[in-house]
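Below: one structure, written as structure tokens.
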Amino acid sequence: MHRWTDLADVPDGFGPSVVTIGNFDGVHRGHVSVLTRLVADARASGASAVAVTFTPHPQQVHRPEHAPPLLTGDADRLELLAGTGLDAVLLLPYTLGFARQTPAEFVERYLVGGLAARTVVVGRDVRFGWENSGDLGTMIELGNRYGFTVEVLEDVVPEPSASEGEGHRRWSSTWVRELLDAGDVVGAAHVLGRPHRLRGVVVHGDARGRELGFPTANLAPDATGMVPADGVYAGWLRRVAEPGGAAADAPEVLPAAVSIGTNPTFAGLQRRVEAYVLDRTDLDLYDDEVVLELVDRLRPTERFDSVEALVEQMHDDVARARVVLADGPAAAR
């Protein structure tokens with residue numbers, strides 16, 4: 001999949017294309033359904049399938065104090081979008097200057113001039129251009145002007161089942177955030193179609209875990225991916241290999257117990273994400289980029305009256321994590 005961040009990156013003569021526009025935060029099952037259909041339509045018509053998206057999220061520019069936590073950073077979003085079969089993603093820097101374009105300017109420059117769009121796929125609630133002044137009617141009008149068709153996709157909802165709410169609520173990033181706020185990573189994985197991810201560089205912590213016999217990899221504070229409710233989770237740690245880098249010869253996926261919280265037993269104040277790779281005390285992960293995939297929540301964060309009680313619980317957490325992860329990592333989407 002081609003990854004472009006500017007129209008100058010798009011090859012001369014590119015197109016025709018089938019294009020969709022969105023933030024695709026989390027690349028959840030609703031997104032995947034839309035993008036899979038887009039790719040199939042593009043293949044059938046001999047066109048390229050392209051998604052146009054933005055960084056940072058527009059709400060972080062216009063209303064940063066009200067912007068929701070992002071489910072995925074750009075690296076994971078692009079990796080997941082590539083998994084849908086798209087031919088290219090145009091990841092545009094979103095600024096106040098960019099936002100001042102009229103709907104017609106945006107469509108003419110990016111969709112028509114840059115991507116030679118034959119078809120533009122949007123939802124009924126599409127908004128674009130200065131102050132979100134463009135809507136579905138605007139897009140259809142511009143399609144008539146510039147010679148592309150507009151395909152309208154309805155909301156994608158789960159198939160009806162015995163689970164409460166399914167069959168009525170559409171797949172959405174908001175739904176995933178609510179589940180993560182409650183620590184329900186199993187429910188979040190159901191909406192995402194995969195385990196929820198955190199990604200960051202491993203930094204030095206207090207080395208307290210090593211002293212207790214459970215050395216942990218601490219994610220840097222700027223790690224990406226929404227951090228779920230405090231607690232202990234079973235999950236997988238993947239070292240992100242770079243050509244010739246230190247992680248290149250490492251196992252791709254390692255089972256882990258992941259602690260999220262302030263470490264109240266030691267009166268901690270800073271919220272941290274740290275992962276203990278099961279039965280491994282020999283790993284040197286410092287300065288490596290890693291991805292954590294959270295499979296299940298084992299328990300909420302607790303304060304223990306003694307270090308001995310904490311260590312006993314940690315042994316139990318590791319045993320339970322081993323059971324949860326016994327079937328191996330989920331297949332990559």
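Bear in mind that the values here come from a model prediction, so they are computed numbers and not experimental data.
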Can you tell me if Asn144 uses its side chain to pair, donor with acceptor, with the backbone of Glu141 under 3.5 Å?
no
For Arg320 and Leu298, indicate whether the former's side chain and the latter's backbone hold a donor-acceptor pair under 3.5 Å.
yes
Test item: Glu105 side-chain N/O and Thr102 main-chain N/O as donor-acceptor pair under 3.5 Å
yes
Residues Arg169, Glu178; criterion salt bridge (Lys or Arg N to Asp or Glu O under 4.0 Å); working and verdict
CA-CA 13 Å; Arg169 184 172 188 177; Glu178 291 172 4; 2.9 Å; yes
Val295 and Trp236: side-chain contact (heavy atoms from CB on, under 4.5 Å), yes or no, with the steps?
CA-CA 8 Å; Val295 175; Trp236 299 97; 3.5 Å; yes
Donor-acceptor contacts under 3.5 Å from residues 66-73 side chains, at least two apart:
| from | atom 1 | to | atom 2 | distance (Å) |
| --- | --- | --- | --- | --- |
| Thr72 | OG1 | Asp25 | OD1 | 3.3 |
| Thr72 | OG1 | Gly26 | N | 3.0 |

With a 4.5 Å heavy-atom cut-off, do Leu115 and Tyr110 have their side chains touching?
no
Check step by step if side-chain contact (heavy atoms from CB on, under 4.5 Å) holds for Phe98 and Val61.
CA-CA 11 Å; Phe98 178 90; Val61 174; over 6 Å; no
Per-pair distances, 0.1 Å, donor-acceptor, side chain in residues 118-129, under 3.5 Å, sequence neighbours excluded:
| from | atom 1 | to | atom 2 | distance (Å) |
| --- | --- | --- | --- | --- |
| Arg118 | NH1 | Ser45 | O | 2.8 |
| Thr119 | OG1 | Thr149 | OG1 | 3.2 |
| Arg124 | NE | Glu154 | OE1 | 3.2 |
| Arg124 | NE | Glu154 | OE2 | 2.8 |
| Arg124 | NH2 | Glu154 | OE2 | 3.0 |
| Arg127 | NE | Asn132 | O | 3.0 |
| Arg127 | NH2 | Asn132 | O | 2.8 |

Does Asp317 pair with Arg299 as a salt bridge, N-O distance under 4.0 Å?
yes
Measuring from atom CG of Leu38 to atom NE2 of His31, what distance do you get when rounded to the nearest 0.5 angstrom?
13.0 Å
Rounded distance [0.5 Å steps], CD in Glu108 versus CG in Leu142
9.5 Å
Step through it carefully: locate the ring centre of Trp171, locate the ring centre of His190, and say whether they are under 6.0 Å apart.
yes
Might you point out which heavy atoms bring Val50 and Ser17 nearest each other, and give the distance in Å?
CG2-CB, 4.1 Å
Can you confirm whether more than 12 heavy atoms, excluding those of His57, are under 6.0 Å from its NE2 atom?
yes
Take Trp175 and Arg170 through the side-chain contact (heavy atoms from CB on, under 4.5 Å) test and state the conclusion after the steps.
CA-CA 9 Å; Trp175 190 1; Arg170 68 187 182 98; over 6 Å; no
With side-chain contact (heavy atoms from CB on, under 4.5 Å) as the criterion, how do Leu92 and Val52 come out once you've worked through the C-alpha distance, each side chain's angles and the decisive distance to 0.1 Å?
CA-CA 7 Å; Leu92 295 172; Val52 177; 3.9 Å; yes
Please determine whether a side-chain nitrogen of the Lys or Arg among Glu79 and Arg199 lies less than 4.0 Å from a carboxylate oxygen of the Asp or Glu.
yes
Tell me if the aromatic rings of Tyr94 and His62 count as close, with their centers under 6.0 Å from one another.
yes
Given the options Thr5, Thr55, Thr53, Asp74 meets side chain to side chain donor-acceptor pair (under 3.5 Å) only with Thr55
Sequence-distant partners of Asp230, salt bridge (Lys or Arg N to Asp or Glu O under 4.0 Å), two or more places apart
Arg271
Could you check whether Glu151 pairs with Arg37 (Lys NZ or Arg NE/NH1/NH2 to Asp/Glu carboxylate O, under 4.0 Å)?
yes
Are the charged groups of Arg322 and Asp279 less than 4.0 angstrom apart, N to O?
yes
Is the distance between the ring centroids of Trp4 and Phe14 under 6.0 Å?
yes
Could you walk me through whether Arg194 and Asp76 pass the salt bridge (Lys or Arg N to Asp or Glu O under 4.0 Å) check?
CA-CA 12 Å; Arg194 56 172 179 83; Asp76 281 302; over 6 Å; no
For Ala42 versus Ser48, what's the shortest heavy-atom pair and its separation?
CB-C, 4.0 Å
Are Leu294 and Val186 connected, step by step, through hydrophobic side chains (Ile, Leu, Val, Met, Phe, Trp, Tyr) whose heavy atoms are closer than 4.5 Å?
no
Short side-chain to backbone donor-acceptor contact, Asp184 and Gly187, under 3.5 Å
yes
Would you call Leu78 and Val89 a side-chain contact if the rule is heavy atoms closer than 4.5 Å?
yes
Okay, side chain of Ser33, backbone of Gly30: is any donor-acceptor separation there less than 3.5 Å?
no
Can Val34 be reached from Ile21 by stepping across I, L, V, M, F, W or Y side chains whose heavy atoms are under 4.5 Å apart?
no
Going hydrophobic residue to hydrophobic residue with side-chain gaps under 4.5 angstrom, can you get from Val27 over to Leu292?
yes
Nearest 0.5 Å please: distance from the CZ atom of Phe24 over to the CZ atom of Arg77.
9.0 Å
Are Gln313 and Phe304 side-chain neighbours, meaning at least one heavy-atom pair lies under 4.5 Å?
yes
